[in-house]
Amino acid sequence: MSKEITSRSEDYAQWYNDLVLKGGLADYSAVRGCMVIKPYGYTLWENMQDALDKMFKDTGHVNAYFPLFVPRSFLEKEEGHAEGFAKECAVVTHYRLKVNPDKKGTLMVDPDSKLEEELIVRPTSEAVIWNTYKDWIQSYRDLPLLINQWANVVRWEMRTRLFLRTAEFLWQEGHTAHATSDEAIAEAEQMLGVYAEFAENWMALPVIKGVKTPNERFAGAVETYCIEALMQDGKALQAGTSHFLGQNFAKAFDVKFLNKENKQEHVWATSWGVSTRLIGALVMAHSDDSGLILPPKIAPFQVVIVPISKGDEQKVLIDAKVKTIMEQLKAAGITVKYDNNDNARPGWKFAEYELKGVPVRIAIGARDIENNVAEVARRDTKEKMSMGFDGLAVQVKKLLDDIQQNLYNKARTYRDAHITPANTWDEFKKLLEEKGGFVSAHWDGTSETEDKIKEETKATIRCIPLNNAREDGKCIYSGKPSKERVLFALAY
RNA sequence: CGGGAGGUAGUUCAGCCCGGUAGAACACCUGGUUUGGGACCAGGGGGUCGCAGGUUCGAAUCCUGUCCUCCCGACCA
């Protein structure tokens, strides 16, 4: 099998696919638009889940699970929401198959099993959840309701890409209900902060926090907050969103509570989510032409040990030495894999674990045992160093921290170098075409202008950064007055 | 959903134009030699040629339909 990775500079799309496939994260599947997440990729996702889940719980949330199917009538209730998702829903219309009488050995939909009301495979769970919340919320004492669910959702996209846009994907969706608007807005902002912290501290992925323009807003939301990341090809990727839903869903599903003054009020809502798309972001942000580079904090395993042995006697010696090293590393909280598979030689394994992005590789041969050192290689810089066996865990721990920090710094430097102000329309177009990245420019605040710019350049407003500096200027396109700059970019 | 390319062994692909017994490399299995950056020798196993029709004495190859994948576009809270 070819293990060569397409060069990033030659064909970015192919480079990305190679990374995912050859890095062992996922495979294409025989089912339209869906993918198989392999154990290595799923372990990565589990590590991400663990970190996020802890952050959710630390901010007072609990997990629950709601049904996969949404009756059509539920989805219809919030109009904007319904329209936004209508075009990409998988619909269950029948509940039974039967043997095809005209053709033995094949099955057909039993026409007698037609459902009176279609069931939609959830593209998101607001509808089902708000229908439930109606029964759970009666008084202000029931609020706030802070619930998250880990689930799969289905969106029938026309064109799919591994992790970035698949027909079915895994995610978490938080759905909260509050007594006041302020409290709900604070919740939406808090969760955006959680996402940003996760992206930066765990994934080593610098992100920009901001709000979406009305055009890019979630269907049914009053305000959509987002974190935007920059990929190595200069395109932006929406990495997570948090929505202030106002009272839209409360009104659509008639969710009211009795306040302290004994008056009925509609509750205020938020929803927020991140998905396996984050894995795509990770892949595109940190990898090189040798393969993936995974941040130590979420890597499926942080260290791989490769033995280099000549003959069975050495093998026994090395196995014994590695055993003590592994105990040392594990005691320090480091996850480690020992690959003493006989089939592959060291050189093959070196290349393989580089493809998989394992942060640190330790090679140990008889020579090393004699000298009381191990050869330690870091994936991010490919630098090799010698480390004594004594206190190895402490040094490796330090190295892992260093790699985590270095990945962030590198991505941050690249990102910061790719936020460029543009003051004229020509400059704006030139920047998008030649340099890529975020272009910071004045915008007159209208959807019409936003649409026109998209039509002419394919660039969209990624976000209006939070805490944006006020600055008087003129719209890059229409020349009308503007009070602040917004970030444009080509996006995934 | 439009345009393009494809689907043949576990993987990557050749064979198709011009119909005539199913191929290569890598991977896998056995034995041996090896092991510090993708080892070598010898032997071996493995494919209803995506699926369904049609043409033909005969179809991986020609025709029609269909499903799936990739790339570009449209679409994408």
Side-chain angles (χ1 to χ4, degrees), chain A residues 1-6 11-14 16-18 20-22 27-35 78 80-89 103 106 122-126 153 155-162 164-167 169 171 173 212-226 237-238 240-245 248 271-275 277 290-291 306-312 314-315 318 340-355 361-369 371 373-375 377 382 384 386 454-455 458 460 491-492:
Chain A
M1 178 165 90
S2 168
K3 284 287 186 183
E4 293 300 310
I5 290 235
T6 309
D11 185 343
Y12 196 85
Q14 192 57 53
Y16 172 77
N17 283 348
D18 280 354
V20 172
L21 297 170
K22 291 170 186 166
D27 263 340
Y28 298 120
S29 90
V31 184
R32 189 198 174 282
C34 297
M35 69 173 172
E78 213 291 330
H81 186 65
E83 275 178 28
F85 283 104
K87 285 174 291 182
E88 52 185 10
C89 289
K103 201 161 180 197
T106 66
R122 62 179 167 218
T124 178
S125 300
E126 273 81 0
V153 290
R155 295 181 189 180
W156 211 263
E157 302 287 357
M158 281 296 142
R159 186 174 164 203
T160 58
R161 300 199 61 188
L162 293 167
L164 297 175
R165 188 173 298 113
T166 44
F169 57 91
W171 77 346
E173 46 181 326
K212 288 290 185 190
T213 61
N215 269 13
E216 302 276 325
R217 208 173 267 160
F218 175 75
V222 173
E223 186 86 278
T224 289
Y225 298 85
C226 63
L237 182 80
Q238 178 176 299
T241 49
S242 178
H243 315 288
F244 169 55
L245 302 173
N248 291 350
S271 70
W272 26 275
V274 294
S275 72
R277 174 180 242 208
S290 301
V306 177
I308 299 164
S309 57
K310 301 182 172 93
D312 285 344
Q314 288 195 0
K315 198 184 272 178
I318 293 168
N340 60 351
N341 185 348
D342 279 341
N343 293 357
R345 289 156 51 104
W348 192 91
K349 292 176 185 173
F350 292 172
E352 178 67 11
Y353 291 108
E354 277 166 16
L355 281 172
R361 180 186 72 231
I362 300 179
I364 295 177
R367 198 174 75 192
D368 302 304
I369 293 178
N371 297 335
V373 295
E375 182 196 87
K382 292 205 191 165
K384 287 182 195 174
S386 264
K454 186 177 179 183
E455 229 170 82
K458 290 180 192 163
T460 48
Y492 278 94

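Atoms considered below: every heavy atom in the structure, side chains included; atoms not considered: hydrogens, waters and symmetry mates. Here is the naming used below: chain letters follow the sequence lines, and residue numbers restart at 1 for every chain.
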Closest nucleotide among [options] to the [X] side chain:
X	options	result
A:W348	B:A74, B:A39, B:C76	B:A39
A:E88	B:C76, B:A39, B:A74	B:C76
A:A13	B:U35, B:C71, B:G73	B:C71
A:A351	B:G37, B:G36, B:C75	B:G37
A:K458	B:A39, B:A74, B:C76	B:A74
A:F350	B:C76, B:G37, B:U35	B:G37

Taking atom types as they are modelled, would you say the side chain of [X] forms a donor-acceptor pair with the base of [N] within the 3.5 Å cutoff?
X	N	answer
A:E354	B:G37	yes
A:K384	B:G37	yes
A:R361	B:G37	yes

Sugar-phosphate, base or nothing in reach of [X], heavy atoms under 4.0 Å:
X	result
A:G365	base
A:F85	base
A:S309	base
A:W171	base
A:R217	sugar-phosphate
A:K349	nothing

Are a donor atom and an acceptor atom from the side chains of A:E173 and A:S125 found within less than 3.5 Å of each other? yes
Checking side-chain polar atoms at under 3.5 Å, does A:T460 have a donor or acceptor matched by the opposite partner on A:E216?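 Per modelled atom types, A:T460 and A:E216 side chains form no pair under 3.5 Å.
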So what's B:U30 paired with, Watson-Crick or G-U wobble, going by both distances under 3.5 Å?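 Paired with B:A42.
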With a 3.5 Å limit on both atom pairs, tell me what B:A5 is paired to, counting Watson-Crick and G-U wobble, or say none. B:U69
Can you name the atoms? Protein N/O to nucleotides 66-70 of chain B N/O, anything below 3.5 Å, with the distance.
residue : atom : partner : partner atom : Å
B:U69   : OP1  : A:V31   : O            : 3.4
B:U69   : OP1  : A:G33   : N            : 2.4
B:C70   : O3'  : A:N17   : ND2          : 3.3

Nearest-Å distance once atom [atom1] is located in both [N] and [M]:
N	M	atom1	result
B:A14	B:G6	P	9 Å
B:C51	B:C41	P	36 Å
B:C29	B:C62	P	37 Å

Show your working on side-chain contact (heavy atoms from CB on, under 4.5 Å) between A:N17 and A:Y28 and close with a plain yes or no. CA-CA 10 Å; A:N17 283 348; A:Y28 298 120; 3.4 Å; yes
